[in-house]
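Okay, structure first, notes after.
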2 protein chains.
Amino acid sequence: MVEHSLDHVFRALSDPTRRAILDRLAEGEATVGRLAEPFHVSFAAVSKHIGVLERAGLVTREARGRERVCRINPAALTGARAWIEFHERFWTNRLDALDALVGKTPGEPGRTR
Amino acid sequence: MVEHSLDHVFRALSDPTRRAILDRLAEGEATVGRLAEPFHVSFAAVSKHIGVLERAGLVTREARGRERVCRINPAALTGARAWIEFHERFWTNRLDALDALVGKTPGEPGRTR
DNA sequence: GCTATATTTAACCATATGGTTGAACATAGT
DNA sequence: ACTATGTTCAACCATATGGTTAAATATAGC
């Protein structure tokens, strides 16, 4: 429900390691330790990455004993998807409309007016 | 067409100024100069931002005389949207399935087993 | 050719990012 | 209580980012 800032969500998604962490989390919840295993970076680095994901609202960390269990929060993605969907559609329509207006089949490069 | 790296696309979208530039471009093509007007940042800064968007494949710059006309390239968004859609759906299904399995209505925090 | 305009490039600055290692903290297990 | 384990925090480093201003480049127009 919290409004997850597009800034943070997009930023979080822009790193391949973080996307891989999300991929892994998609297979089910996991502790930080297990999340770190497949990556060649240090434990602390993964912890930081998870921090970024957490701040973006994409994952939650729950203390379970001395471990921290991470889970995914799909809701945090809806804002980002909505933004993209809207613009993708809007732009495409716009460009189609322009092309229709000009009656343009692509390939008149350098039209100077 | 070109495979626009998710890294670059998400990164480009993570900045509010750049998203605003895209919004503005959605209203139609515009020169760098006109794009820079509404923003309080310097001309060069906007030029750089456009460079980022261009490298991500989100906009194209075409030289028209001494001006550069920027246009939007919606196709560059499809990869990002696909990623989000897939994961959003996948995760949601997963979590639903888990909840169904456990017959769990949320609210048993700190379950130690 | 000279000058004005549009844009990029270069040099620079402050801060953020992603990475490291090692210390600190919290809990499990003996 | 002690020790081992899981995780975070702190300090640090290199590089990237977003911003600036000033110089360089390219074209338009006289």
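Residue numbering restarts at 1 for every chain, and letters A, B, ... go by the order of the sequence lines. Keep in mind it's a predicted model, so treat the numbers as computed, not measured.
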- Take atom CD1 of A/I50 and atom P of D/dC9, then tell me their distance rounded to the nearest Å. 12 Å
- Note on the structure: Atom CD of A/E37 and atom C1' of D/dT7 are separated, to the nearest Å, by 14 Å
- Mind running side-chain contact (heavy atoms from CB on, under 4.5 Å) on A/D7 and B/R19 for me, showing each step along the way? CA-CA 10 Å; A/D7 287 29; B/R19 286 200 307 277; 2.7 Å; yes
- Message: Any base atoms under 4.0 Å from B/R61, or only sugar-phosphate, or nothing? Heavy atoms, all strands.
- Response: sugar-phosphate
- Query: Taking NE2 from A/H40 and C1' from C/dT20, how many angstroms apart are they, rounded to a whole number?
  - Reply: 13 Å
- Task: Send over the distance from B/R64 CZ to C/dT8 P, rounded to a whole Å.
- Result: 14 Å
- Query: Hey, is the main chain of B/T60 close enough, under 3.5 Å, to the side chain of B/R71 for a donor-acceptor pair?
  - Reply: no
- Note on the structure: Closest non-hydrogen contact found for A/A20 with A/F39 is CB-CE2, 3.4 Å
- Quick tally for nucleotides 11-18 of chain D: nucleotides whose base has a protein heavy atom under 4.0 Å get B, sugar-phosphate-only ones S, the rest -, giving B-----SS
- Atom pair distance, as rounded to whole Å: CZ in B/R66 and P in D/dC30: 10 Å
- Message: Below the 4.0 Å mark, does C/dT20 have OP1 or OP2 next to a side-chain nitrogen or oxygen of A/S42?
- Response: yes
- Atom CD1 in A/I21, atom CD1 in A/I50: separation rounded to 0.5 Å? 5.0 Å
- Message: Whole angstroms only, please: what is the CZ-P distance between B/F43 and C/dT7?
- Response: 5 Å
- Message: In the structure I gave you, are the side-chain heavy atoms of B/H87 and A/I72 within less than 4.5 Å of one another anywhere?
- Response: no
- Rounded to the nearest angstrom, tell me the gap between atom CG in A/L53 and atom P in D/dT7. 16 Å
- Message: Is it the case that the side chain of B/N73 and the backbone of B/G57 share a donor-acceptor pair, with hydrogens and angles ignored and the cut-off at 3.5 Å?
- Response: yes
- Message: Using side-chain heavy atoms (C-beta onward) and a distance below 4.5 Å, is B/L35 in contact with B/C70?
- Response: yes
- From C/dT7, D/dG19, C/dG22, pick the nucleotide closest to the side chain of A/A44? C/dG22
- Query: Within the pair B/S47 and C/dT8, is there a side-chain N or O less than 4.0 Å away from OP1 or OP2?
  - Reply: yes
- Rounded to whole Å, CD of B/E67 lies from P of C/dT7 at a distance of 5 Å
- Task: With the side chain of B/V32 defined as its heavy atoms from C-beta on, choose the nearest nucleotide among D/dT8, D/dG19, C/dT8.
- Result: C/dT8
